[in-house]
A.B. asks: 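Please see the structure below; I have some questions.
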Amino acid sequence: MGPAPAGEQLCGAIGETEVMEPALEGTGKEGKKASSRKHTLAEPPAKGLLQPVKLSRAELYKEPTNEELNHLRETEILFHSSLLRLQVEELLKEVRLSEKKKDRIDAFLREVNQRVVRVPSVPETELTDQAWLPAGVRVPLHQVPYAVKGCFRFLPPAQVTVVGSYLLGTCIRPDINVDVALTMPREILQDKDGLNQRYFRKRALYLAHLAHHLAQDPLFGSVCFSYTNGCHLKPSLLLRPRGKDERLVTVRLHPCPPPDFFRPCRLLPTKNNVRSAWYRGQSPAGDGSPEPPTPHYNTWVLQDTALESHLQLLSTMLGSAQGLKDGVALLKVWLRQRELDKGQGGFTGFLVSMLVVFLVSTHKIHTTMSGYQVLRSVLQFLATTDLTVNGISLCLSSDPSLPALADFHQAFSVVFLDFSGRLNLCADVTASTYHQVQYEARLSMTLLDSRADDGFQLLLMTPKPMIRAFDHVLHLHPLSRLQAACHRLKLWPELQDNGGDYVSAALGPLTTLLEQGLGTRLKLLAHSRPPVPEWGISQDPPKHKDSGSLTLGLLLRPEGLTSVLELGPEADQPEAAKFRQFWGFRSELRRFQDGAIREAVVWEAASMSQKRLIPHQVVTHLLALHTDIPETCVHYVGGPLDALIQGLKQASSTKGRMVMSRGGELVMVPNVEAILEDFAVLGEGLVQTVEARSERWTV
């Protein structure tokens, strides 16, 4: 509850309380006078008890102001109830950063700025000559292949700029991260640094030199490396204060080039900037075949050039509109509770901020809207718009040299262009992740429209990890098996584009393969990559295989789930060969009752519990057949309650019935008490199973 309105006060909190002394029997006129006389108590009321507010008759019956009427009308129309409005306002108070902490963070940022600009310079050397690096620091980048042209020298940054959600006022607790862009001087860079990871090598060396000097400063309690949004070509340096403020904030340093250094036409999604001869160590083919495009590589370079321009755009749109900022904060909480913003390719808070800007520019959101209205508008847009089919753009230019949306759709699964018309903000978002965001948005809109009493709790306060959201979950471990899958699927261009990240290269073909195999059984397939942990400046960066396991979630349709037959085309159809190639030795010719001879796949399943696990057979068969991933590397979690249910059935066969005498005959009747006991045990087992496999997160 908020404070009392202006001019009102709680009696006893500031002033003194007046009470009536009770009348006593047997007293005379003087006693009656004393009993009716008011007097002031010297002692305040009990602490924590609310006292009635004293209002005059004029104040009690005065007409409501326009502001109060608008507040009531907005509550009735937008929030369905006063309770929902109070819940939203209290949540925003909890996740916002207090002014006191902002002052401490600002002071720490000033200290960081002073120390960064004082880091000493380093003379120019070849990129491959890294003997100048101290022994206690490692380059936070896998330099494969190691040989690369170019020179490097360290100079203090030309400009230090705070970017991201902290300046906008949209960062949320409990984890406060402040992004700082370090603009590298032009003298460090060369014209062809966009080729063959030269820019990323210089970026990593720049961070390594900074880390060595900042780690010796007593101001910092922690200096370590981390990947920016999971991209292994773009590490960042994390700084935390020493002492009691160690958990107050994490400052992330991002080196970036001068804004106009790289030519945008060289970084379009159809261009190649990683030569096959350099990456594969092979001589170029003499047949004149073109180099494969590197859209993701080009996007990662463009992202660094647009840090400040994106901040200016967001500041212009959100700067004076508190409702838009509140809406972005609510959307971040919504994403975090569903773990949609985690790991590489997540739907981050930056993306929803830019999405709010797009909806404002298209007049679907107004700057005067409240945070709840912004939340509803964005969820409605996500639920009804498929960016995998029809991309959107913030660019209003009609320049014919700009690429069309169709060019981006050929290179990326999800398309959302920034105002330049050259950078896809959703380049790292896969189709599976976006479809999961769409599905959750549709569920949330249904929940909000239902006006359920627990709608707020389910929407913004309840964690929904993958184990809760999906019917079956499978883990692929170790991740090194995906490297063999890339070779089997011949994903050389994808590996070249992703800088050797075989997990990212194989993820798209892998999900497409499983979606095709599961067919009508599957409603939604999603994946989750755990965030790569931070590492010390004296350690080598973690390898791709060290990032845990790749988790896939399957949301299944009840219709057709238990069917043991995969019906293919007739034997004389041209599609029959593709069917046999897809299913391998599982495919066989069968004659059906209507006389048709078709290709078909029959799965082994005798009981209903085994039929519910047919997706397990489909997944393991296709992964082994097409990607060389054996069944031992697929840890499948499905039907964990079947054993519990089966045990209850066996127990009920003996104690679920009892013998009674009816009309002189012994008859078998249900034992209601035993059945209710079984249901109680089943309920406890369900709760324990879900809690054991779930994580809790508190705002």
A.B. asks: Between T446 and R442 (side chain of the first, backbone of the second, donor and acceptor by atom type, cut-off under 3.5 Å), is there such a pair?
C.D. replies: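 Answer holds: yes.
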A.B. asks: I'd like to check M461 versus Q87 (side-chain heavy atoms, cut-off strictly below 4.5 Å). Are they in contact?
C.D. replies: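 Sidechains of Q87 and M461: no contact.
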A.B. asks: I need the single residue from L443, L375, V88 that forms a side-chain contact (heavy atoms from CB on, under 4.5 Å) with L459. Which is it?
C.D. replies: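 When L443, L375, V88 are each tested with L459, the side-chain contact (heavy atoms from CB on, under 4.5 Å) holds only for L375.
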A.B. asks: Would the distance check show the side chain of H366 and the main-chain N or O of V360 forming a donor-acceptor pair, the cut-off being under 3.5 Å?
C.D. replies: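 Between the backbone of V360 and the side chain of H366 there is no qualifying donor-acceptor contact (under 3.5 Å).
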A.B. asks: Apply the test side chain to side chain contact (heavy atoms under 4.5 Å, CB included) to residues V328 and K332: give CA-CA distance (whole Å), side-chain angles for both, the deciding distance (0.1 Å), then the verdict.
C.D. replies: CA-CA 6 Å; V328 170; K332 287 184 177 182; 3.9 Å; yes
A.B. asks: Can you name the closest pair of heavy atoms from Q303 and K234 and give their distance?
C.D. replies: OE1-NZ, 3.1 Å
A.B. asks: Determine, stepwise, if the pair L550 / L479 fulfils side chain to side chain contact (heavy atoms under 4.5 Å, CB included).
C.D. replies: CA-CA 7 Å; L550 175 63; L479 289 178; 3.7 Å; yes
A.B. asks: Are the charged groups of R85 and E89 less than 4.0 angstrom apart, N to O?
C.D. replies: yes
A.B. asks: Tell me, do V249 and F108 make a side-chain contact under 4.5 Å, heavy atoms counted?
C.D. replies: yes
A.B. asks: If you count every heavy atom of other residues, nucleotides or ligands that lies below 6.0 Å from R247 atom CZ, does the total exceed 12?
C.D. replies: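 Count not over threshold, so no.
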A.B. asks: When you compare the side chain of D106 with that of Y166, does any pair of heavy atoms fall below 4.5 Å?
C.D. replies: yes
A.B. asks: Of all heavy-atom pairs between S444 and L379, which one has the smallest distance, and what is that distance?
C.D. replies: CB-CD1, 3.9 Å
A.B. asks: Between F412 and H296, is the ring centroid distance below 6.0 Å?
C.D. replies: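 Under 6.0 Å, so yes.
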A.B. asks: With the side chain counted from C-beta on, respond yes when R612 and D471 share a heavy-atom pair under 4.5 Å apart, and no when they do not.
C.D. replies: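 Side-chain contact under 4.5 Å: no.
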A.B. asks: Locate the shortest heavy-atom distance separating D341 from L335; write the atom from each residue and the value.
C.D. replies: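 Minimum heavy-atom contact is OD1-O, 3.8 Å.
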A.B. asks: For H635 and H477, take the angle between the two ring planes, folded into 0 to 90°, and tell me which bin it lands in: parallel under 30, tilted 30 to 60, perpendicular over 60.
C.D. replies: tilted
A.B. asks: So, do V251 and L253 sit near enough that their side-chain heavy atoms are less than 4.5 Å apart?
C.D. replies: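 V251 vs L253: side chains touch.
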A.B. asks: For S236 and R252, test the side chains for any donor-to-acceptor distance below 3.5 angstrom and give the result as yes or no.
C.D. replies: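 The answer is no; no qualifying pair exists.
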A.B. asks: Kindly indicate whether the side chain of N229, heavy atoms from C-beta on, has any atom under 4.5 Å from the side chain of Q344.
C.D. replies: no
A.B. asks: Do the side chains of D501 and R529 get close enough for a salt bridge, i.e. N-O under 4.0 angstrom?
C.D. replies: yes
A.B. asks: Decide whether D326 and Q322 meet the rule of one side-chain donor and one side-chain acceptor closer than 3.5 Å.
C.D. replies: yes
A.B. asks: Would you kindly say whether H527 and T511 are connected by a side-chain donor-acceptor distance under 3.5 Å?
C.D. replies: no
A.B. asks: Report the relative orientation of the aromatic rings in H310 and F419; use parallel for angles under 30°, tilted for 30 to 60°, perpendicular for over 60°.
C.D. replies: perpendicular
A.B. asks: Can you tell me how far CD of Q312 sits from CG of L307, rounded to the nearest 0.5 angstrom?
C.D. replies: 11.5 Å
A.B. asks: For residues R422 and L268, determine if any side-chain heavy atom of one lies less than 4.5 Å from a side-chain heavy atom of the other.
C.D. replies: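 Answer yes - side chains close enough.
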A.B. asks: Is Q436 close to L340 at the side-chain level, that is, under 4.5 Å between some pair of heavy atoms?
C.D. replies: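 Heavy-atom side-chain distance check passes, below 4.5 Å.
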A.B. asks: Do any N or O atoms from the side chain of T430 and from the backbone of T433 form a donor-acceptor pair under 3.5 angstrom?
C.D. replies: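 At least one qualifying donor-acceptor pair exists.
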A.B. asks: How far apart are the closest heavy atoms of E440 and A469, and which atoms are they?
C.D. replies: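 Closest approach of E440 to A469: OE2-CB, 4.4 Å.
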A.B. asks: Strictly by modelled atom types, are T551 and H475 linked by a side-chain donor-acceptor pair under 3.5 Å?
C.D. replies: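 Looking only at side-chain atoms, H475 and T551 do form a donor-acceptor pair, the distance falling under 3.5 Å.
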A.B. asks: Any ion pair linking R521 and E515 (charged N to carboxylate O, less than 4.0 Å)?
C.D. replies: no
A.B. asks: Which atoms form the tightest heavy-atom contact between C395 and L402, and what is the distance?
C.D. replies: SG-CD1, 3.8 Å
A.B. asks: Working note: L525 + L522, criterion side chain to side chain contact (heavy atoms under 4.5 Å, CB included); need CA distance, chi angles, decisive distance, verdict.
C.D. replies: CA-CA 7 Å; L525 185 147; L522 185 66; 3.7 Å; yes
A.B. asks: Is it true that D386 and T388 share a donor-acceptor pair across their side chains at a distance under 3.5 Å?
C.D. replies: yes
A.B. asks: For a quick test of reading the model, state the closest non-hydrogen atom pair linking Q438 to T385 and the distance between them.
C.D. replies: NE2-O, 2.9 Å
A.B. asks: Are the side chain of R173 and the backbone N or O of E94 linked by a donor-acceptor pair below 3.5 Å?
C.D. replies: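 It does hold such a pair.
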A.B. asks: Is a salt bridge present between D449 and R376, judged by a nitrogen-to-oxygen distance below 4.0 Å?
C.D. replies: yes
A.B. asks: Say whether, by atom type as modelled, one donor and one acceptor occur between the side chain of D407 and the main chain of P403 under 3.5 angstrom.
C.D. replies: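 Flag not set: sc D407 to bb P403 has no pair under 3.5 Å.
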A.B. asks: Would you say the rings of Y227 and W535 are close, in the sense that their centroids are separated by under 6.0 Å?
C.D. replies: yes
A.B. asks: Ignoring hydrogens and angles, tell me if any N or O in the side chain of R96 forms a donor-acceptor pair with the backbone of C171 under 3.5 Å.
C.D. replies: no
